[in-house]
Amino acid sequence: MSGKRKRKLKLLSDTITDNRRSVDEVKSEHLELQSWADLPAELLELILSRLILADNIRASSVCKRWHSVASDVRVVSQSPWLMYFPKFGDCYEFYDPVQRKTYTLELPELNGSRVCYTKDGWLLLYRPRTHRVFFFNPFTRELIKLPRFEMTYQIVAFSCAPTSPDCVLFTVKHVSPTIVAISTCYPGATEWTTINHPNRLPFVSSIWNKLVFCNGLFYCLSLTGWLGVFDPVECIWSVLAVPPPKCPENFFAKNWWKGKFMTEHGGDILVIYTCCSENPIIFKLDQTLMKWEEMRTLDGVTLFASFLSSHSRTDLIGVMRNNVYFSKVRFYGKRCISFSLDDYRYYPRKQCHDWGEQDPFENIWIEPPKDFSACM
């Protein structure tokens, strides 16, 4: 090869090398200019949503953008967990929908019992063989016995934690379309008190709990959607003259009574009607006009629905707000079925569920303690 040709090839090689060096320098300079503040919004929200409250507040001081995202995903209220009752054994699982993690506790104290209701981190349980009724806190292992009582098809709830002097238990069972038997009790009592109350309107209590305590009163949704109210102080029972919520006919197909849920929030009574082929419908009782109104938004509130008790929460992470979380987990225990009122769709997509297929005593939402690490 001639010297002139060699010099041309060397010049071309040097030019290519210089060009590559220039491109690498530009890339390096661009990377040096990037910062944590330039993270994509989805990734930033995912990271900040997994921080505890103290670390979330610290991260919000980095910059305006981080402050905005951190505030949106900040968890101020504790999300309920989904507690599973095994068919055999003493191993109970607790699913945290925020962290999408499952924890396990051995609770031999619950052997032979079935769950009835939960509130303020306490379970109300019943042993069918012995008719034993008792409170149990699975995180502190406290147990409070109650007088024996035979529970068949009546629904039951309690007003607040059994450690409070204001705790009252309430159960209702229809004797006939015009008469219900209401039984009450409280921690420390020696027996249950049962009184038959006449109904001004026909009332047949639901098989599964559609019952909440709100503003000092117990509200009970009947099988056909009428609302009964009991005042535990005055011992007064009445059925409100409020027509049931209006739903499309397909909401009343097979097992339609199992797909209804009831809770309260801020003094309002809320009911959720579901259908395996349709999106759920949420109603709120307008206590001024005395009629049910369909809700198009929850205004940032998150609802947690299960057969035996349902809950509401505010100030959860941004992606959980304005959603209804149901007591069914998909993808190998990694994600709850939820319905977003913002997007008006289920997550995961096409996860409409036939509640007639699920055992009502399979699981229940329960409030965990703020420092749950010592319990696990």
Side-chain angles (χ1 to χ4, degrees), residues 45 49 68-82 95-100 118-120 209-215 219 221 225 227 242 244-248 251 259-276 278-330 335-353 355 364-368:
E45 180 172 324
S49 68
S68 176
V69 176
S71 298
D72 287 341
V73 302
R74 184 171 297 160
V75 179
V76 178
S77 180
Q78 175 72 55
S79 166
W81 288 1
L82 197 56
Y95 173 75
D96 177 1
V98 176
Q99 299 294 334
R100 297 185 182 179
T118 179
K119 190 180 182 70
D120 297 338
N209 269 7
K210 308 292 183 293
L211 199 161
V212 297
F213 183 75
C214 179
N215 297 325
Y219 289 83
L221 195 70
L227 198 62
V242 180
K246 293 182 179 180
C247 289
F251 273 71
K260 294 191 295 185
F261 306 91
M262 184 176 179
T263 187
E264 66 86 23
H265 179 76
D268 289 321
I269 306 299
L270 309 177
V271 294
I272 307 165
Y273 278 57
T274 67
C275 174
C276 63
E278 302 288 344
N279 289 329
I281 305 176
I282 303 172
F283 296 95
K284 179 177 72 172
L285 178 64
D286 186 324
Q287 300 186 47
T288 301
L289 300 176
M290 295 305 288
K291 67 176 185 178
W292 293 101
E293 293 183 343
E294 183 176 348
M295 300 183 70
R296 296 293 182 178
T297 178
L298 292 173
D299 294 323
V301 174
T302 308
L303 302 182
F304 297 86
S306 62
F307 285 113
L308 302 177
S309 66
S310 300
H311 307 266
S312 65
R313 286 293 181 275
T314 56
D315 298 325
L316 294 179
I317 61 174
V319 293
M320 295 183 70
R321 296 172 188 173
N322 219 31
N323 278 260
V324 181
Y325 279 74
F326 294 97
S327 56
K328 192 69 178 178
V329 179
R330 296 295 198 196
R335 186 164 186 174
C336 270
I337 294 179
S338 63
F339 181 79
S340 169
L341 273 79
D342 288 332
D343 304 329
Y344 209 68
R345 53 156 284 194
Y346 275 98
Y347 285 91
R349 188 177 291 277
K350 297 182 180 179
Q351 289 296 316
C352 302
H353 188 64
W355 296 108
I364 195 169
W365 290 106
I366 184 172
E367 300 95 327

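All heavy atoms count here, side chains included; hydrogens, waters and symmetry mates do not. Numbers here simply count residues along the sequence, with the first being 1.
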Passing candidate, side chain to side chain contact (heavy atoms under 4.5 Å, CB included) with His265, options Val212, Asp299, Thr314: Thr314
For Pro245 and Gly225, which heavy atoms make the closest approach, and how far apart are they? CD-O, 3.9 Å
Using a 3.5 Å distance criterion without hydrogens, assess whether the side chain of Glu264 forms a donor-acceptor pair with backbone atoms of Tyr219. no
Any side-chain heavy atom of Leu82 sitting closer than 4.5 Å to one from Pro97? no
Could you tell me if the ring centre of Tyr325 sits under 6.0 Å from that of Phe339? no
Any non-hydrogen side-chain atom of Ser312 less than 4.5 Å from a side-chain atom of Leu270? no
Sub-3.5 Å donor-acceptor pair from the side chain of Ser310 to the main-chain atoms of Thr263, do we have one? no
Would you mind reporting whether Ile282 and Leu341 have side-chain heavy atoms less than 4.5 Å apart? yes
Can you check side chain to side chain contact (heavy atoms under 4.5 Å, CB included) on Arg296 and Tyr344, steps first, answer last? CA-CA 9 Å; Arg296 296 293 182 178; Tyr344 209 68; 4.0 Å; yes
Strictly distance-based, threshold 3.5 Å: is any side-chain N or O of Lys210 a donor or acceptor partner for the main-chain N or O of Lys260? yes
How long is the gap from CG on Leu303 to CZ on Phe261, to the nearest 0.5 Å? 11.5 Å
For Met262 and Leu221 the tightest heavy-atom approach is SD-CB, 3.7 Å
In Å and rounded to the nearest 0.5 Å, what is the CD1 to OG distance from Ile364 to Ser309? 3.5 Å
Heavy-atom side-chain contact between Arg321 and Asp342 under 4.5 Å: no
Check whether any side-chain N or O of Arg345 sits under 3.5 Å from a backbone N or O of Ser340 as a donor-acceptor pair, and report yes or no. no
What is the ring orientation for Trp365 with Phe304, classed by angle as parallel under 30°, tilted 30 to 60°, or perpendicular over 60°? perpendicular
Rounded to the nearest 0.5 Å, how far does OG1 of Thr302 lie from CZ of Arg313? 10.0 Å
Correct closest heavy-atom pair for Met290 and Gln287 would be SD-O, 3.4 Å
How long is the straight-line distance from OH of Tyr95 back to CZ of Arg100, given to the nearest 0.5 Å? 6.0 Å
Rounding to 0.5 Å, atoms CG (Asp286) and CH2 (Trp292) come to a distance of 10.5 Å
pair Leu298-Val324: side-chain heavy atoms closer than 4.5 Å: yes
For Tyr346 and Phe326, take the angle between the two ring planes, folded into 0 to 90°, and tell me which bin it lands in: parallel under 30, tilted 30 to 60, perpendicular over 60. tilted
If every non-hydrogen atom of Pro80 is compared with every non-hydrogen atom of Pro368, which pair is closest and at what distance? CA-CD, 4.0 Å
Here the pair of heavy atoms bringing Gly259 nearest to Thr274 is O-OG1, 2.7 Å
Between atom NZ of Lys284 and atom CG of Asp268, what is the distance when rounded to the nearest 0.5 Å? 4.5 Å
Considering all heavy atoms, the nearest Pro280-Ile272 contact: CB-CG2, 4.2 Å
Give a yes-or-no answer on whether the side chains of Thr297 and Asn322 include a donor-acceptor pair shorter than 3.5 Å. yes
